[in-house]
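Below, chains carry the letters A, B, ... as their sequence lines are ordered, and counting in each starts from 1. Heavy atoms only: backbone and side chains are in, while hydrogens, waters and symmetry mates are out.
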Amino acid sequence: MANGDGPAGDGGEPGAATRLHGFSRDELHGLLADMLLYRRFEEKAEEAYAIGKIGGFCHLHIGQEGLAAGAIKPLRADDLVVTAYREHTQAIAKGIDPRAVMAELYGRTGGCSGGRGGSMHLFDTAVGFYGGHGIVGAQIPLGAGLAWAIRYRGGDQICVCFMGDAAVNQGAFLESLNMSAVWKLPVVYVVENNGYGMGTAFSRVSATDVEARSGAYGIPAHTVDGQDALETYRFFERLAERVRRGAGPQFVNAVTYRFRGHSMSDPVSGTYRSKEEVESHVRGRDPIALLRDRLMEAALLTRKELEGIDADARAACDDAAAFADASPLPAPSTLYDHVYAEINPNGRLFLDGREGAPAGGRAGGGGRTPAGGGAKGGRRG
Amino acid sequence: MANGDGPAGDGGEPGAATRLHGFSRDELHGLLADMLLYRRFEEKAEEAYAIGKIGGFCHLHIGQEGLAAGAIKPLRADDLVVTAYREHTQAIAKGIDPRAVMAELYGRTGGCSGGRGGSMHLFDTAVGFYGGHGIVGAQIPLGAGLAWAIRYRGGDQICVCFMGDAAVNQGAFLESLNMSAVWKLPVVYVVENNGYGMGTAFSRVSATDVEARSGAYGIPAHTVDGQDALETYRFFERLAERVRRGAGPQFVNAVTYRFRGHSMSDPVSGTYRSKEEVESHVRGRDPIALLRDRLMEAALLTRKELEGIDADARAACDDAAAFADASPLPAPSTLYDHVYAEINPNGRLFLDGREGAPAGGRAGGGGRTPAGGGAKGGRRG
Amino acid sequence: MADVAEITYREALNAAMCQEMDRDDSVFLLGEEVAEYDGAYKVSRGMLARYGDRRVVDSPISELGFAGLCVGAAMAGLRPICEFMTFNFSILALDQVVNSAAKMLYMTNGQVSVPIVFRGPTGAALQLSAQHSQACETYYVHAPGVKLATPATPADAKGLLAAAIRDDDPVAVMEGELLYNVRGEVPDEEYVIPLGVADVKRTGDDVSIVTHGKMVHVALQAARVLAREEIEAEVLDLRSLRPLDADAILETVAKTNRVVCLEEGWPFAGVGAQIVSLIQDEAFDDLDAPVLRVTQADVPMPYAKNLEQLAKPGVKAVVEACRKVLYVPNAAT
Amino acid sequence: MADVAEITYREALNAAMCQEMDRDDSVFLLGEEVAEYDGAYKVSRGMLARYGDRRVVDSPISELGFAGLCVGAAMAGLRPICEFMTFNFSILALDQVVNSAAKMLYMTNGQVSVPIVFRGPTGAALQLSAQHSQACETYYVHAPGVKLATPATPADAKGLLAAAIRDDDPVAVMEGELLYNVRGEVPDEEYVIPLGVADVKRTGDDVSIVTHGKMVHVALQAARVLAREEIEAEVLDLRSLRPLDADAILETVAKTNRVVCLEEGWPFAGVGAQIVSLIQDEAFDDLDAPVLRVTQADVPMPYAKNLEQLAKPGVKAVVEACRKVLYVPNAAT
Ligand SMILES: Cc1ncc(C[n+]2csc(CCOP(=O)(O)OP(=O)(O)O)c2C)c(N)n1
Ligand SMILES: Cc1ncc(C[n+]2csc(CCOP(=O)(O)OP(=O)(O)O)c2C)c(N)n1
Ligand SMILES: [Mg+2]
Ligand SMILES: [Mg+2]
């Protein structure tokens, strides 16, 4: 299912028995394929992390794929998405090639951020994906700003701004929601409510439920079951259209669950949540298994088809990993690139005085010899 | 009426006719005297500002005195108050001598902050007044922290934390209210809702009313007419007791009006509010006139008594101004005092290397010669 | 020759914003009190009437939020002018400046630029006390990715602000409340001064005063005092701190061999520290005396008039520092 | 002699907090994940069990709010240890650090002290990218009123953190994620190292490396490399940046006459800039060569492993800088 498909159900298939929730068989397979791709992608990333191909923080979305598919796939290609650091699958959902995402995790030039951003900072403006932000809550005003730009230009796109449940306790949340409401910005704030911020249950540090938070700014609150991809899809499809037509900002409490640890170094369960709790979600609330079972029950999916879809997903992820592995590391000579738009203006931009640092226009010169780990350049004369 | 008086009406006066709202005649006169003192104090400050005795920003509370009296007088002497920069009368209400407040506005050593804080930073911990803060919203987490300390020590005081209406749009508001609710802190947040933040009407930059803001954290919201000092007093008296007994944080939308400009340089009315609007408040909603008229109607105040009370207030303010004027400027040698608790520890605390700056323990020496506007000290050897 | 008019620094800033808003619809102004109130310091006077409330927008008191909103709008290609009523309040917004604006282009590999201007007054006015008197340069120059301009005169105000608005990087423009009424000649026509080019505001052979912003005027006054003693001070106005016109600094050092660094802010990790570091690194042998720094006293700004006066870097301190680097004795104090 | 045990830097921090919490009920620990999770980096392991949830408290992700709450509690006389999961996130809280904590004692004329500790890791770990790798010293030393300690070893971690907790002023204690597992001997008994006293971590006559925090280890490694060439480097660990042990700096300059300043952070208005400023001001004639600075490359931290390596100040750069100030030629690169 490609971006911009619009509402399902116009396929002209024979009868009602072949549809579910208004989705055609193809559409359903597409959605399942998307989610399986996300799952396999994350599993591949997990593997790659274990063998040191990926470094730093790596936050997996496993268990929450219903939201990547359900909240992003109904969007138009020119709608904008901005989110936090648990965003691999959201990036893929919005249209970034899994190869470019994987290469970014590998820190390679083929990455969607050229290897400079890493797992937490995936970007591709061509598909309307605006990151990937590491400071909890920082993307909330950025999302308001993206929506501001849409409104300013009189466009009919919308911006979807994701955040974790723990982010609603950041002051930026208040400020952004208030401004969005005052200025009626076309933005949908989506809380991926997995119940925890790292090892802290939401209820331990929050006075009220997530859905209680937006009323203070008169922004309508909605709750959706993020593990039900079909419901989520339909919900966002409707909501996006309303916002597109001027309904103003919306707030969605999307209930979900994280199947892995917070990041790679965090155990799946521990002091903060029991093994049983996790297992009960993995067993009963896996968004992919739920969709699969529903399709099979409705005879809209055969085991063979499933295997085919999964094989494709695995192949795509193997391919992504192979691509990433083959992609070169950024050249050392690029160290100073993209700090500023123009790298040799008047005056010095860079004050480390390394031999490798660009020297600025009037100074003349400033070759790009690699810095080699940086002592200050020698004195003149 | 002194702090810590507790509920009124135990005076054993003859009959009901001599009381209003349960207040005795003496109590009522006391309250009126307090408010007249605040008014005359601010008028005196206005005068002093005009002739250059007071500098910097000076935010008058005129029109809002019902809140200083009504919200602070019912408190116990050991309760804590923290607020923003429009706090002269609140400081007096909590027990700081008007002389010390005026001397602070004059920037003199007799000031409650030694002349170093000025109008926006009045402090006297002996009476539980914790400032006077100039960054809009910054006092909100500080208030939560003061309440935290009370609870931590198992005390039964409460903290009253004032803010302007515009401050509810600061992120610190969300963060503080949430934490206060989670930890059930003994704090009352009071919004002095005068309808404007400088030249901006609240409704122009706020998506909802003030009272809608605390529900997001499950904190009870109350609205009180801040121009009715008696109602306000009774309201805070009851609320303070409830919080003292463990009711947890409370939120009060106290409706009031500012009769002067935002600060001394700001006209009383202008593009943002009409002359008529201001005049209608001054005529019909002056908390002092309202109380005076009520007392007179109830035959609890004679014109002569009123004149006596007012004469006392004026005299106290003249006295405060005379005191301030006679109080010395801080000695130049104190410039570096109180930057740190201990001024000559190991190492250098101060890096300006002025001759006047303390030099630090091991360096030996560092006399207190005045810096004289500060070139760096000479080189050694 | 271009037409010039004598206008105030405040009017010059206004002119720069109007000049750029006229030529580019993607430029808008957002901040507290900028629209209906004409700006807390009246810098945006008349702009609401001229451009309407789509482009001149009053914000709530939500520094982190509205700075972040402007960064987001810039990511989408608009050119916001984000006014901080003063830079003191921008400390609340610093995360969006440092972690979003400054780092964005780099971590997106050049995909997402943030052509935003943060502007407003920095430093002390008169008796505004500790929380309203801080010079904020250090917080804005430390992180690579942001530029910083500090106009001292009306002409520089117009030219540098215009350049900042056109620049594709985040640029902070730090003004001064005490500068707004300063008058000076400013070209009427379209006027842009490139960032990164310092300006010799006074030539002299004996000693160089390297400074920026409001302190340029203090330096010029000090130079006049020194001139009476036949000491000719050169006043180098850096005009922008990032990019920094290192060549101009090195030239004046080579010329006078004696330098005083003057800044409004605190010493520790101040702008002057970096200038000293640059000079000693690249012009060590040119110096006939160590560079002296004149800064605010290393204390929070006191309210009391006399203490404030003492804490601020003033003409007397600059004069004395100049004499000192020239080994001319100062009168005993 | 005092009993010592070899423990990790992490355990030493834990020991300091426990030592102080045992002797003073007004000390408490508050921050994200510090209680039930034992700390994001397990620094507070076991403390919830030992002290209960009155004194070891998990906070919401509200940096500005909880830092402000801790400042408020300190104003009322408590001694909060406010943990930032990393100092990167504390930029959100900087207003409460600078405008409330740092300025409070001064603007209250000594009435209200703020005996708070802000602590957590600063600077880069491994491949955490631009928003999680910033060294934050400059933001904490610039404003007078705050102190800053940067322990490099387990013993210093225990002693300096204990001193910070006992100090009546706000003190930031900056640790390092990459230091937590470093092992070293630490006194078992009550142990406090006064702030403001630098420590010569290695003596040498030829060149001085002035540094702090994590970079002390880089300096020591560089010194070992240099020793093979019979260059003996002295490694001066500042240990605290405010107060700054200026005497110790001037002593080592007087001894070796050649200095390399090494820091983890960016150059512009970095700590090293101030050290250079101090040295050139007070020991100009002692220098046989200009001080060289080694810093992070003046770029946001890139994610890619090779670029990150290149951006960080490393042993090789320090060795080369030392050779350079000694005018010993570096091999052509
Ligand atoms: C301002 C800030 N504080 C702390 C952190 C460290 N941190 C990273 S993720 C996280 C938990 C966030 O939880 P939530 O918002 O619920 O998102 P989830 O991880 O569950 O997707 C924390 C505390 C951070 N990155 N930024
Ligand atoms: C963070 C911050 N932003 C802006 C200002 C400038 N400022 C001072 S008072 C004020 C208006 C506040 O209005 P409100 O909170 O309603 O209080 P009032 O003045 O009405 O008492 C503003 C914008 C400030 N001091 N701090
Ligand atoms: Mg979560
Ligand atoms: Mg108001």
Side-chain angles (χ1 to χ4, degrees), chain B residues 80 82 111-118 121 123-126 130-135 138-150 152-153 159 171-172 174-176 178-179 182-183 337-342 345-351 353 359-363 376-377 379-381, chain D residues 26 28 54-55 57 59-60 62-78 80 95-96 99-100 104-113 115 141 144-145 147 167-169 194-198 240 242-248 250 274 277-278 281-286:
Chain B
L80 310 181
V82 66
C112 57
S113 304
R116 302 165 110 78
H121 307 299
F123 284 84
D124 188 350
T125 57
Y130 277 84
H133 300 273
I135 304 298
Q139 80 278 18
I140 314 177
L142 297 178
L146 293 168
W148 170 279
I150 292 170
Y152 188 86
R153 293 183 173 125
C159 172
L174 177 166
E175 300 183 3
S176 305
N178 182 54
M179 290 187 297
V182 169
W183 294 321
D337 290 355
H338 306 310
V339 181
Y340 292 97
E342 195 197 339
N346 302 293
R348 278 200 209 159
L349 281 174
F350 304 106
L351 274 290
R362 291 216 299 174
K376 278 206 99 174
R379 319 158 41 193
R380 301 177 161 204
Chain D
S26 67
F28 67 94
R54 171 173 167 267
R55 299 183 69 192
V57 186
S59 81
S62 307
E63 277 81 5
L64 178 66
F66 74 72
L69 181 145
C70 286
V71 172
M75 290 169 69
L78 299 184
D95 176 69
Q96 287 290 348
N99 275 316
S100 297
M104 193 66 68
L105 190 72
Y106 198 76
M107 67 187 195
T108 64
N109 199 33
Q111 273 183 86
V112 183
S113 64
V141 288
K147 295 173 176 167
D167 202 282
D168 284 334
D169 293 312
L195 303 179
V197 182
S240 79
R242 243 201 226 250
L244 181 72
D245 193 342
D247 289 348
L250 297 173
Q274 186 61 38
S277 165
L278 176 90
D281 194 37
E282 304 188 31
F284 191 66
D285 296 335
D286 285 345

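- Ranked by heavy-atom pairs under 4.5 Å with chain D, the list Ser113(B), Ala149(B), Gly114(B) is led by Ser113(B).
- For Val57(D), the part lying near chain B is the side chain, with the backbone staying farther off; criterion is any non-hydrogen pair under 4.5 Å.
- Taking chain D as the reference chain and counting heavy-atom pairs below 4.5 Å, the highest number among His338(B), Arg116(B), Arg153(B) is found for His338(B).
- Of the two parts of Cys159(B), neither the backbone nor the side chain holds a non-hydrogen atom closer than 4.5 Å to a non-hydrogen atom of chain D.
- Between Pro60(D) and Asn178(B), the shortest heavy-atom contact is CG-ND2, 3.9 Å.
- In this structure, chain B has no heavy atom under 4.5 Å from any part of Ser113(D).
- Residues Trp148(B) and Ala73(D) approach most closely at CD1-CB, 3.8 Å, considering heavy atoms.
- Atom CE of Met179(B) is separated from atom CG of Leu69(D) by 4.5 Å, given to the nearest 0.5 angstrom.
- Heavy-atom distances place the side chain of Ile135(B), and not its backbone, under 4.5 Å from chain D.
- Heavy atoms of Leu195(D) lying under 4.5 Å from chain B belong exclusively to its backbone.
- Considering all non-hydrogen atoms of both residues, Ala76(D) and Leu146(B) come closest at CB-CD2, 3.9 Å.
- Contact between Pro144(D) and Val339(B) at its shortest, heavy atoms only, is CB-CG1, 3.9 Å.
- Both the backbone and the side chain of Asp124(B) have a heavy atom closer than 4.5 Å to some heavy atom of chain D.
- A donor-acceptor contact shorter than 3.5 Å links the side chain of Arg242(D) to the backbone of Leu349(B).
- Nearest approach of Asn346(B) to Pro243(D), heavy atoms of both residues: O-CB, 3.2 Å.
- Listed for the Glu342(B) side chain is no donor-acceptor partner under 3.5 Å among the backbone atoms of Asp168(D).
- Residues Met104(D) and His133(B) share a closest heavy-atom pair of CE-CE1, 3.7 Å.
- Both the backbone and the side chain of Ser59(D) come within contact range of chain B, judged by heavy atoms closer than 4.5 Å.
- One N or O on the side chain of Arg54(D) and one on the backbone of Tyr152(B) form a donor-acceptor pair closer than 3.5 Å.
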Task: Val82(B) vs Met75(D), side chain to side chain contact (heavy atoms under 4.5 Å, CB included): CA-CA, chis, key distance, verdict - done: CA-CA 11 Å; Val82(B) 66; Met75(D) 290 169 69; 5.5 Å; no
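- Note: Ala138(B) leads Gly111(B), Ala138(B), Gly132(B), Gly134(B) in heavy-atom pairs under 4.5 Å with chain D.
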